[in-house]
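Count residues from 1 along the sequence. Reckoned from all heavy atoms, side chains included, excluding hydrogens, waters and symmetry mates.
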Amino acid sequence: MDPRHQRGPYQFQWTINSKTIVEEIEEDEPALRLPEYNLVPLNELGVHIDTDAEIDILALAIHMNPPNEVNTNHGKSLIQEIYLIDPGLKLLRLTMWNRFVHDECREISDLILAKPIILGTRIKVSSYNGLSLSSRPTSVFIVEPLLSSSVALRTWAAQNDKLLEEIIGNSFGSASSSSTDPIIKVSEIAEKLISAPTMARSTYLVRGKFRMVDFHQSFHYVSCENCNKATGYDLGENFICYSCKNATIARARCRVYLDVYDDTTSTPVVIFGSLAEEILGCTAVDLIDRTDEEHLPYIENIANNIENNEWIIVLGAQMNESGRLRQNKLTVLSVNNVPGTAE
């Protein structure tokens, strides 16, 4: 480690990410007792308003406001508001204070489009603006906790994703574009991104074509077949997914980086899953099965073919807390082929 970042006498740092495989070793050790939480559904919090009760909650985070500095009796404080929902469909605002903004909120921000599950303990229930939640200095927050109730909540979220998107759209602005949205030029997107608020989700409708620039990119990644999160397991392996907590199989999921262009300019985009396969005209398995000798000519042929088609394209942008485009790329959310342009 850089000496400036060392903690105590430790000279080395071990980084674990989503692709690190962690497996339990079966040994004769006494079982650790899991923490017990007294989880209260969001629609039952009313009886705890403005009391000293320290509440435990488990909910989906579906939206975040940018961090904000406020004046208190103790001086200036930093807050960030997160909007939570659970199967009772009660939408509540959780205000995170100071250190939680710098730590937990950043982690949640990186996952907000996936609607992460949040476990919060020792939460304060307040009558501010009707009913709202607030962190305490003693609160603890765990993102995607390993609980049986988390599995049930994730299953509910997957089954009701369309409803959740409608709630997000009605409460915070549409998460997807409709056919009535105006088609803009690709060159206009950069200007619109400059004025987009931090942490905002925006969509843009353009008419254009796709162009492949990098012929040597990896056109797939290995993922959980349930939640599509990347994994370090090999294709076909059975495992317990760290993200959705379900028993699953490692599958190849298509991912491609292209440029979208029109008569004004181009912009880089990323496309996932069946949508990427539709644009490429092949599947992730097709790409994997090609030998080294066949691979490059096969990719060159795909690159030539995709420029024959013109599309109406919905592009999604997620701004981070610094007001910058997350991952410096737009995500293709949907496409419709322009009649008469396919060859």
Side-chain angles (χ1 to χ4, degrees), residues 19 113 176-179 181-193 201-225 228-231 234-236 250-318 324-343:
K19 294 186 178 181
L113 289 179
S176 62
S177 183
S178 71
S179 59
D181 291 335
I183 295 177
I184 64 172
K185 293 293 187 179
V186 174
S187 59
E188 296 178 57
I189 296 176
E191 182 178 348
K192 291 181 178 295
L193 289 175
R201 293 153 37 120
S202 305
T203 56
Y204 307 103
L205 195 63
V206 301
R207 176 171 176 161
K209 294 185 176 183
F210 293 101
R211 176 191 298 126
M212 187 181 298
V213 178
D214 181 5
F215 288 20
H216 300 282
Q217 62 181 286
S218 175
F219 291 90
H220 78 282
Y221 66 97
V222 181
S223 70
C224 165
E225 70 171 355
N228 296 323
K229 293 295 179 64
T231 179
D234 292 331
L235 283 174
R251 299 295 191 194
R253 187 174 190 232
C254 196
R255 176 186 59 199
V256 61
Y257 298 98
L258 301 174
D259 280 0
V260 168
Y261 70 95
D262 60 12
D263 58 356
T264 62
T265 190
S266 63
T267 189
V269 298
V270 60
I271 317 161
F272 295 95
S274 59
L275 195 59
E277 293 177 343
E278 177 184 355
I279 294 167
L280 294 178
C282 65
T283 67
V285 174
D286 292 334
L287 293 163
I288 294 171
D289 287 344
R290 300 289 165 174
T291 64
D292 291 341
E293 293 78 13
E294 298 173 319
H295 185 73
L296 187 56
Y298 184 68
I299 298 302
E300 290 174 342
N301 185 57
I302 291 174
N304 290 331
N305 288 337
I306 62 174
E307 292 199 53
N308 292 330
N309 300 323
E310 189 173 19
W311 309 81
I312 301 297
I313 307 163
V314 179
L315 299 172
Q318 172 72 32
R324 296 181 179 178
L325 181 64
R326 197 177 296 279
Q327 297 181 348
N328 294 319
K329 288 182 178 64
L330 297 163
T331 301
V332 175
L333 302 179
S334 68
V335 295
N336 284 294
N337 194 263
V338 176
T341 64
E343 294 184 10

> In Å and rounded to the nearest 0.5 Å, what is the OG1 to CG distance from Thr203 to Leu315?
Replying inline: 9.0 Å
>> Let me confirm one number: the CD1-CG distance from Ile288 to Leu235, rounded to the nearest 0.5 Å.
In response: 5.0 Å
> Considering all heavy atoms of both residues, which atom of Val332 and which atom of Leu275 are nearest to each other, and what is their separation?
Replying inline: O-CD2, 3.4 Å
> Mind checking what makes salt bridge (Lys or Arg N to Asp or Glu O under 4.0 Å) contact with Glu278, not counting sequence neighbours?
Replying inline: none
>> Between Asn304 and Met212, does the side chain to side chain contact (heavy atoms under 4.5 Å, CB included) criterion hold? Intermediate values first, please.
In response: CA-CA 9 Å; Asn304 290 331; Met212 187 181 298; over 6 Å; no
>> Working note: Tyr204 + Leu193, criterion side chain to side chain contact (heavy atoms under 4.5 Å, CB included); need CA distance, chi angles, decisive distance, verdict.
In response: CA-CA 10 Å; Tyr204 307 103; Leu193 289 175; 3.6 Å; yes
> Could you give the distance from NE2 (His295) to CD (Glu300), rounded to the nearest 0.5 Å?
Replying inline: 10.0 Å
> Sequence neighbours excluded, which residues qualify as side-chain contact (heavy atoms from CB on, under 4.5 Å) partners of Ala250?
Replying inline: Val222, Thr231, Tyr233, Phe239
> At what distance, to the nearest 0.5 angstrom, does CD1 of Ile271 lie from CZ of Phe219?
Replying inline: 11.0 Å
>> Is there a side-chain contact between Asp259 and Thr267 in this structure, where contact means two heavy atoms from C-beta onward sitting under 4.5 Å apart?
In response: no
> In Å, rounded to the nearest 0.5 Å, how long is the span from CD1 of Ile312 to CG of Asn337?
Replying inline: 9.5 Å
> Considering residues at least two apart in sequence or located in another chain, which fulfil the salt bridge (Lys or Arg N to Asp or Glu O under 4.0 Å) criterion with Asp263?
Replying inline: Lys185
>> Could you report the tightest heavy-atom contact between Glu277 and Ala284, atom names first, then the distance?
In response: OE2-N, 3.0 Å
>> I want to check something: taking the side chain as every heavy atom from C-beta on, are Val260 and Val206 in contact at a cut-off of under 4.5 Å?
In response: yes
>> What I'd like to find out is whether the side chain of Cys282 reaches to under 4.5 Å of the side chain of Leu287, using heavy atoms alone.
In response: yes
> To the nearest 0.5 Å, what is the distance between CD1 (Ile279) and CZ (Phe210)?
Replying inline: 3.5 Å
>> So, using side-chain hydrogen bond (donor to acceptor under 3.5 Å, both in side chains) as the criterion, who are the partners of Thr264 when residues are at least two apart?
In response: Ser187, Asp262
> Could you walk me through whether Ile184 and Ile189 pass the side chain to side chain contact (heavy atoms under 4.5 Å, CB included) check?
Replying inline: CA-CA 8 Å; Ile184 64 172; Ile189 296 176; 3.9 Å; yes
> Do Tyr261 and Val186 have side chains that get closer than 4.5 Å, going by heavy atoms?
Replying inline: no
> side-chain contact (heavy atoms from CB on, under 4.5 Å) with Asn305: which residues, sequence neighbours excluded?
Replying inline: Asn301, Asn308
> Which pair of non-hydrogen atoms, one from Leu330 and one from Ala317, has the smallest distance, and what is that distance?
Replying inline: CD2-CB, 3.5 Å
>> For Ile302 versus Leu280, what's the shortest heavy-atom pair and its separation?
In response: CG2-O, 3.5 Å
> So do Arg207 and Trp311 actually touch side chain to side chain, heavy atoms under 4.5 Å?
Replying inline: no
> Which side chain to side chain donor-acceptor pair (under 3.5 Å) pairs, counting each pair once, include a residue from residues 211-223, with sequence neighbours left out?
Replying inline: Tyr221-Arg253
>> Can a donor-acceptor pair be found, under 3.5 Å and without considering hydrogens, that links the side chain of Lys209 to the backbone of Asn309?
In response: no
